[in-house]
Amino acid sequence: MAPKPKKPPAADTAASEPQEAAQAAPKPRSFRLRPDPSEDGVTHLNLGDDPVVSLDAGETFTTADEKLAERLAAEPLLEETT
Amino acid sequence: MALIPANIELLAFATQVDKATPATVPLIATVLESNTLDPGVQKITTPESDASAQSSNLVVVGAQPGGDFQKYLRPSEDDFFLYCLLGKNVDSGTTPKVHTANIDPAAPFSSPYLTIWDIWPGVTTTRYDGCRITQAVITGQPGGPISVQYTVSALKATLQATEPSYASLIVNELEHTWPELTATLGGVAGGVTNNISLTINRNTGRFVGDNGLSSLDIPNGLLLVSGSLEVAFQDSALMRAANTGSTSGTVLTTTVFTESLVLDFLRSANLETKFTLANAQISNFKTLLKTDGSPAVSTFDFQSLRSATISDQIQTVVKNAVALGARS
């Protein structure tokens, strides 16, 4: 059986480059404290160290750091804004 | 030159936005019982076979800035320091403002970096950058105030820094004292506790790296919450528990007895500092014979139990009128 022809590597690389470039610049994600209707609701949150996330009620924290964004997304006191 | 009274030294603090960026303005300042913060320049001698009749000189081989400072526990002050120690803070409520601090389960090795100004007013200020509060030791006994000693590690020290404004940042408030304590062991506040010591240790290390006399980082290690209590010896329940794993046990077992421990310093509905260990493992239970006929007391050590819910190890709740958002 004749070997399958190899794909032209140069064209393959060229095709994937714009996609990689797009992945290297993640979209910033924003988070805020979940609204709490009770008077005793959460008014402020401090998290993390480098950077520190310090949020008052009503404030929004935006980050392009994917790892940090994932961590904030897992924080029950925060919600992601659209 | 005039002599300087030795009771003027104080510390001012601000959280940094990240490890590398020192803060410019302090957010809180505190007066002290004692302070050993120091640039920590390490000097050693390096003897060699140089045929000299004189001892070798000192050489500088590094710097480990940091030390301890001890202060009285205050409900309007220590919410900030306990947050800095534990790494996560949640404020809720309005009157009082309730500050709940614990380890962040999503980033259990994290805690904020601080800039600390060690101020001798009008004389000199040493600024420590990239500091972490690495340990707190809370102690108290009848007839006394409640003290807390914090340990600090810093990345870098700068001498003769600009003295910041601090006067309005000092909290003017009575310290917690022994009569404000209720110790609750296993859900029972029996009024039998006569001495407390609680240590919250982040076991923070230091990675020096090749950064001259600054360090690369001061990473937190494994959290250890431990301490000791002295209580009246009125029955054998805790003695049996500590040795058999059960308050009703008679036979030694391999079970380590655990029960909850709450140290609550309550001044009023709006001023309180509370430390909660969901499960304290009891060890080293001793009851000493005393020939003077005074009441028998037992001493024992405790260590917080590992938990899938890391805030079970230690949670602090401080109530006051200060929004921590103004200090962080």
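No hydrogens, no waters, no symmetry mates; every other heavy atom, side chains included, goes into these values. In the text below, chain A, chain B and the rest are named by the order of the sequence lines, each starting its count at 1.
- Between A/Val52 and B/Pro112, the shortest heavy-atom distance links the atoms CG2-CB, 4.0 Å.
- Interface residue A/Leu77: only side-chain heavy atoms are found under 4.5 Å from chain B.
- In the displayed structure, B/Arg306 atom CZ is contacted under 6.0 Å by at most 12 heavy atoms of other residues, nucleotides or ligands.
- For B/Val17, the part sitting under 4.5 Å from any heavy atom of chain A is the backbone (N, CA, C, O) and nothing else.
- Interatomic distance, B/Asn89 CG to A/Leu45 CG, rounded to the nearest 0.5 Å: 7.5 Å.
- In plain terms, the two heavy atoms of B/Ser110 and A/Gly48 that are nearest each other are OG-CA, 4.1 Å.
- More than 12 heavy atoms of other residues, nucleotides or ligands sit less than 6.0 Å from atom NZ of B/Lys97.
- Taking A/Asp49, A/Leu72, A/Leu47 one by one and counting their heavy-atom pairs under 4.5 Å with chain B, the maximum is reached by A/Asp49.
- Between the CZ atom of A/Arg71 and the CG atom of B/Asp104 there is a distance of 4.5 Å, given to the nearest 0.5 Å.
- Proximity to chain B (any heavy atom under 4.5 Å) is shown, for A/Glu70, by neither the backbone nor the side chain.
- Taken from SG in B/Cys84 to CG in A/Asn46, the straight-line distance is 8.5 Å, to the nearest 0.5 Å.
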